[in-house]
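Worth saying up front: this structure is predicted, and the values here are computed from it rather than measured.
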Amino acid sequence: MVQRKDKKLVYVDCDLLDKVAKMARSRGETITKFLEESLIQATKVASTGYDLKELGQFFEVMYAQKVLGGAFVPLEVSNFLTTVALKNDKEALVSVWFESGKWYGKYLKERFDDPVKALEVFLAASRWDLSEVEAKCFGATMRVRCISTVLSEEASMLLARFVEGIMQSFGYKMQKSDVLKGMVVLDFV
């Protein structure tokens, strides 16, 4: 097998190239090595069907989860723990979800220029049990909608309290709440 080592010239925005040069220097790499590795990783991402913008958003969400102490837990384990906690002290569990939401909301508000969009991306990327997530403005009203085919009624209620805590940190008040098994639709003003 013959390895092809042809090179091609690619035009890149000067400001972007300056950032790349700074990052490469900080890692002790050449610009070429940094860019080649970046392109290799970009093609891996693209081959999965994701685009690079989604990769950037996904990475930011995973970074936020790490900073905030989030953990990935198998859904079966999460459901078991939720069921046990609800039987033992429902009020305390609901309160913890709400307070956690407030903490996450403060972080998202500080870290991102558009915290509502960050919330949408955060929920879509970190909650694999959600098949649809949407956060939209309708005039003075903000609607957050989450749909899942696997979310129990109890888990839907806890998710609603978590989102309510986040939105409270953003400065919104709950106006209307529709929570059913697998469906959370919350309106805020």
Identify every side-chain donor-acceptor pair in residues 103-117 under 3.5 Å, counting partners at least two apart or on other chains, and give the distances.
| residue | atom | partner | partner atom | Å |
| --- | --- | --- | --- | --- |
| Tyr104 | OH | Gln65 | OE1 | 2.8 |
| Tyr107 | OH | Arg111 | NE | 3.0 |
| Asp114 | OD1 | Val116 | N | 3.4 |
| Asp114 | OD1 | Lys117 | N | 3.2 |
| Lys117 | NZ | Glu120 | OE1 | 2.8 |

From Cys146 atom SG to Leu159 atom CG, the distance as rounded to the nearest 0.5 Å: 5.0 Å
Rounded distance [0.5 Å steps], CZ in Arg127 versus CZ in Phe72: 11.0 Å
Residue pairs, two or more places apart or on separate chains, that pass side chain to side chain donor-acceptor pair (under 3.5 Å) and touch residues 175-189: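 Side chain to side chain donor-acceptor pair (under 3.5 Å) check on residues 175-189 returns Arg143-Asp187.
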Contacts of type salt bridge (charged side-chain N to carboxylate O under 4.0 Å, His left out), residue Glu134, not counting sequence neighbours: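 For Glu134 the salt bridge (charged side-chain N to carboxylate O under 4.0 Å, His left out) partners, ignoring immediate neighbours, are Lys136, Arg145.
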Polar side-chain atom of Thr83 near backbone of Asn79 as donor-acceptor pair, under 3.5 Å: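 Checked: pair present.
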Heavy-atom donor-acceptor pair, Ser148 side chain to Asp129 backbone, under 3.5 Å: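 A pair under 3.5 Å: yes.
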Exercise answer: donor-acceptor pairs, residues 91-98 side-chain atoms, under 3.5 Å, sequence neighbours excluded:
none

Within 6.0 angstrom of Met62 CE, more than 12 heavy atoms from elsewhere: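 Yes, the 6.0 Å shell around CE holds more than 12 heavy atoms from other groups.
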Members sharing Val73's hydrophobic cluster (side chains within less than 4.5 Å):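 Other cluster members: Val77, Phe80, Leu81, Val84.
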Worked verdict on Leu119 versus Leu123 for side chain to side chain contact (heavy atoms under 4.5 Å, CB included): CA-CA 6 Å; Leu119 168 63; Leu123 289 173; 3.7 Å; yes
Donor-acceptor contacts under 3.5 Å from residues 35-48 side chains, at least two apart:
| residue | atom | partner | partner atom | Å |
| --- | --- | --- | --- | --- |
| Glu36 | OE2 | Lys7 | NZ | 3.4 |
| Glu37 | OE2 | Gln41 | NE2 | 2.7 |
| Ser38 | OG | Phe34 | O | 2.8 |
| Thr43 | OG1 | Leu39 | O | 3.2 |
| Thr43 | OG1 | Ile40 | O | 2.7 |
| Ser47 | OG | Lys44 | O | 2.7 |
| Thr48 | OG1 | Val45 | O | 2.6 |

